[in-house]
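Counting from 1, the numbers follow the sequence of the chain as shown. Ligands are counted one by one from 1 in listed order, and the atoms in each one are counted from 1 as well. These values consider heavy atoms only, across backbone and side chains, with no hydrogens, waters or symmetry-generated copies.
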Amino acid sequence: YVAKNNGLTYSVYSSEHDPHSVSRLAMISELRHSIQQNELELHYQPKVAIASGELVGVEALLRWPRWKDVPIEDLIVTAEQTGLIRPLTQWVIQRALEQHQAWARLNIKLPIAINLSTWNLEHADIDATIGELLDRFQVRPEYLELEITENAMLKNPERAQEILHRLSRRGIRLSIDDYGTGFSSLAYLKQMPVRQIKIDRSFVMDMMEDENNAVIVRSTIDLAHNLGLEVVAEGVENADIWDILQILDCDIAQGYHIARPMPADRFVDWLRERAQRLADNTQDTA
Ligand code: C2E
Ligand code: MG
Ligand code: MG
Ligand code: MG
């Protein structure tokens with residue numbers, strides 16, 4: 001339900017661990033505490049090349065175990081409204097690079113994508129901050145990908161373009177996230193130094209049932225390719241969608257059909273099981 005306080009409207013969440021409804025103010029102070037105390041987590045979701053089946057990277061997605069019932073988007077909005085987005089994003093990047101370093105020791109070398117919010121582009125020093133973290137964790141820039149929604153890029157396009165160019169010149173890869181949910185044209189977005197677009201899952205998930213969405217996905221793939229962009233489809237939930245995307249020449253798929261986002265150690269198990277499955281298949285067909 002929604003509570004009013006000082007004329008501001010707060011959404012109020014009740015969590016399993018807390019039978020009483022807790023105000024948004026409590027959420028803010030707990031979020032601040034959780035960032036400092038390292039109580040947040042990242043889960044990782046694979047991205048797979050459709051033509052080859054090759055694993056091409058993972059997306060890091062934020063999780064807050066203490067407040068499981070709060071949708072992550074709401075947590076991000078709260079962080080944006082309270083200035084916590086800056087330390088939160090710093091935590092996410094740091095954690096992701098730490099994880100990259102830990103996996104590299106196991107000989108798992110994968111690009112990790114993290115999500116930036118609109119507000120991160122308000123801070124011109126984001127590129128220096130990221131540069132320092134890459135140095136500290138000794139991660140080559142091409143192993144870090146930044147996903148930015150089209151709305152975030154368009155809030156202040158000139159500024160975004162400048163910051164994104166600086167990031168891109170460092171060798172960091174940039175993607176347009178949730179493409180299709182805004183109102184911008186791809187031709188316009190192409191002015192940004194991006195190499196990849198991710199078609200929003202709302203178009204992909206039901207493209208079997210909804211002819212309009214199927215048309216949007218198909219024409220987006222063609223247009224993006226003509227502009228020299230790589231295309232990721234989000235929300236690939238079943239084999240039928242995978243098959244269609246393959247026919248449509250989509251480059252990369254991400255979704256529950258491949259794997260759900262998972263904690264780092266579970267991801268390593270998933271990799272092993274996958275390698276085993278691939279080896280078994282090769283034997284079967286030999
Ligand atoms: P996103 O970046 O578009 O991430 C993809 C979302 O789709 C994730 O939701 C993921 O769990 C979900 N998803 C993946 N495959 C499927 C599928 O096959 N079917 C369905 N129905 N959903 C699928 P999640 O983890 O709840 O994150 C939601 C959004 O919150 C993200 O959307 C992103 O915009 C934001 N977010 C997550 N982590 C961060 C972060 O560290 N920083 C910032 N700024 N935003 C974040
Ligand atoms: Mg994303
Ligand atoms: Mg997305
Ligand atoms: Mg999204």
Side-chain angles (χ1 to χ4, degrees), residues 31 34-35 39-48 57-65 67-99 111-123 126 130 133 144-153 155 173-182 194 196-208 213 217 220 231-242 244-245 250 252-264 266-267 270:
L31 179 57
S34 289
I35 298 169
E39 288 176 357
L40 299 163
E41 285 178 16
L42 292 182
H43 283 193
Y44 301 89
Q45 188 179 36
K47 295 183 182 177
V48 172
V58 291
E59 177 174 3
L61 293 155
L62 188 63
R63 294 292 179 262
W64 195 14
W67 285 45
K68 277 200 191 64
D69 301 343
V70 180
I72 271 315
E73 280 111 334
D74 294 1
L75 184 149
I76 297 297
V77 169
T78 302
E80 286 171 338
Q81 290 168 344
T82 53
L84 286 172
I85 192 66
R86 209 171 170 168
L88 179 64
T89 305
Q90 176 136 1
W91 183 89
V92 169
I93 298 172
Q94 182 163 331
R95 183 72 203 89
L97 294 179
E98 232 166 53
Q99 191 58 60
I112 297 188
I114 67 125
N115 294 281
L116 286 191
S117 108
T118 318
W119 285 95
N120 292 130
L121 299 182
E122 296 292 309
H123 298 124
I126 179 97
I130 292 177
L133 289 171
L144 181 66
E145 298 177 337
L146 302 177
E147 299 188 0
I148 304 157
T149 63
E150 49 178 312
N151 292 333
M153 290 190 184
K155 192 171 166 238
R173 297 170 172 185
L174 306 172
S175 316
I176 300 171
D177 205 350
D178 299 353
Y179 178 75
T181 54
V194 294
Q196 184 182 76
I197 65 159
K198 302 187 74 179
I199 304 178
D200 192 67
R201 64 177 193 237
S202 60
F203 302 105
V204 177
M205 271 162 48
D206 64 351
M207 59 185 286
M208 305 299 298
N213 284 345
V217 171
T220 303
V231 185
V232 181
E234 309 180 330
V236 179
E237 291 192 344
N238 57 55
D240 290 342
I241 297 177
W242 172 283
I244 289 198
L245 290 168
C250 184
I252 294 168
Q254 189 181 348
Y256 296 167
H257 175 59
I258 300 141
R260 287 181 180 255
M262 35 197 166
R266 174 76 196 92
F267 174 71
W270 179 85

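In L62, the parts holding a heavy atom less than 4.0 Å from any atom of ligand 1 are both the side chain and the backbone. Only the side chain of E59 comes within contact range of ligand 1, with a heavy atom under 4.0 Å; no backbone atom does. Residue-level proximity to ligand 1 for L88 is absent, since no heavy atom of it falls below 4.0 angstrom.
Here L121 contributes atom CG and L116 contributes atom CG; the two are 6.5 Å apart, rounded to the nearest 0.5 Å. Atoms CG and OG, on D177 and S117 in that order, are 12.0 Å from each other to the nearest 0.5 Å.
Scanning both residues, G182 and N151, for their nearest heavy atoms gives CA-OD1, 3.8 Å. Across all non-hydrogen atoms, the minimal contact from I114 to A96 is CG2-CB, 3.8 Å. Shortest non-hydrogen contact noted between L42 and A60 is CD1-CB, 3.9 Å. Nearest heavy-atom pair, E41 versus W91, reported as atom, atom and distance to 0.1 Å: N-CH2, 3.7 Å.
Closest N/O/S atom of E147 to the Mg ion (ligand 2): OE1. The Mg ion (ligand 2) lies closest to atom OD2 when only the N/O/S atoms of D177 are considered. For the Mg ion (ligand 2), the nearest N, O or S atom contributed by E59 is named OE2. Here the N, O or S atom of D178 that is nearest to the Mg ion (ligand 3) is OD1.
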- Derivation of the side-chain contact (heavy atoms from CB on, under 4.5 Å) call for T220 and V231: CA-CA 9 Å; T220 303; V231 185; 5.6 Å; no
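Side chain of E234 to main chain of R201: a donor-acceptor pair is present (N/O by atom type, distance under 3.5 Å, no hydrogens or angles). E150 places a side-chain N or O within 3.5 Å of a backbone atom of G180 that can act as its donor or acceptor partner. Looking at Q45, its side chain does come within 3.5 Å of a backbone N or O of A259 through a donor-acceptor pair.
For the pair R173 and E145, the salt-bridge criterion is met [side-chain N within less than 4.0 Å of a carboxylate O].
Short contacts between ligand 1 and S117, defined as distances under 4.0 Å to a heavy atom of the residue, involve ligand atoms 44 (N). Counting atoms of ligand 1 from 1 in the listed order, those under 4.0 Å from a heavy atom of G255 are 15 (N), 18 (O). Below 4.0 Å from some heavy atom of D178 lie the following atoms of ligand 1, by number and element: 3 (O). Each of the atoms 14 (C), 15 (N) of ligand 1 lies under 4.0 Å from some heavy atom of Q45. Near P261, with a cut-off below 4.0 Å to any heavy atom, the atoms of ligand 1 are 11 (O). Using a 4.0 Å cut-off to heavy atoms of E234, the atoms of ligand 1 that qualify are 3 (O). Listed by atom number, the atoms of ligand 1 under 4.0 Å from V92 heavy atoms are 41 (O).
At a threshold of 2.8 Å, the Mg ion (ligand 3) has a backbone or side-chain N, O or S atom of E234 nearer than that distance. Backbone or side-chain N, O or S atoms of N115 reach the Mg ion (ligand 2) at under 2.8 Å.
A donor and an acceptor atom, one from each side chain of R95 and Q99, are located under 3.5 Å apart. In this model, a donor atom of one side chain and an acceptor atom of the other lie less than 3.5 Å apart for T89 and N120.
Between E73, R63, H43, it is R63 that holds the heavy atom closest to atom 24 (P) of ligand 1. When the options R95, E80, R201 are ranked by their closest heavy atom to atom 8 (C) of ligand 1, first place goes to R201.
Not a single heavy atom of H257 lies less than 4.0 angstrom from ligand 1. At a 4.0 Å cut-off, at least one heavy atom of D177 sits close enough to ligand 1 to count as contact.
At a 3.5 angstrom cut-off on N or O pairs, N120 does not count as close to ligand 1. Checking only distances, Q254 never comes within under 3.5 Å of ligand 1, N or O to N or O. Polar contact check, M205 against ligand 1: no nitrogen or oxygen pair lies under 3.5 Å apart.
Between M207 and L245, the closest side-chain pair of non-hydrogen atoms falls below 4.5 Å.
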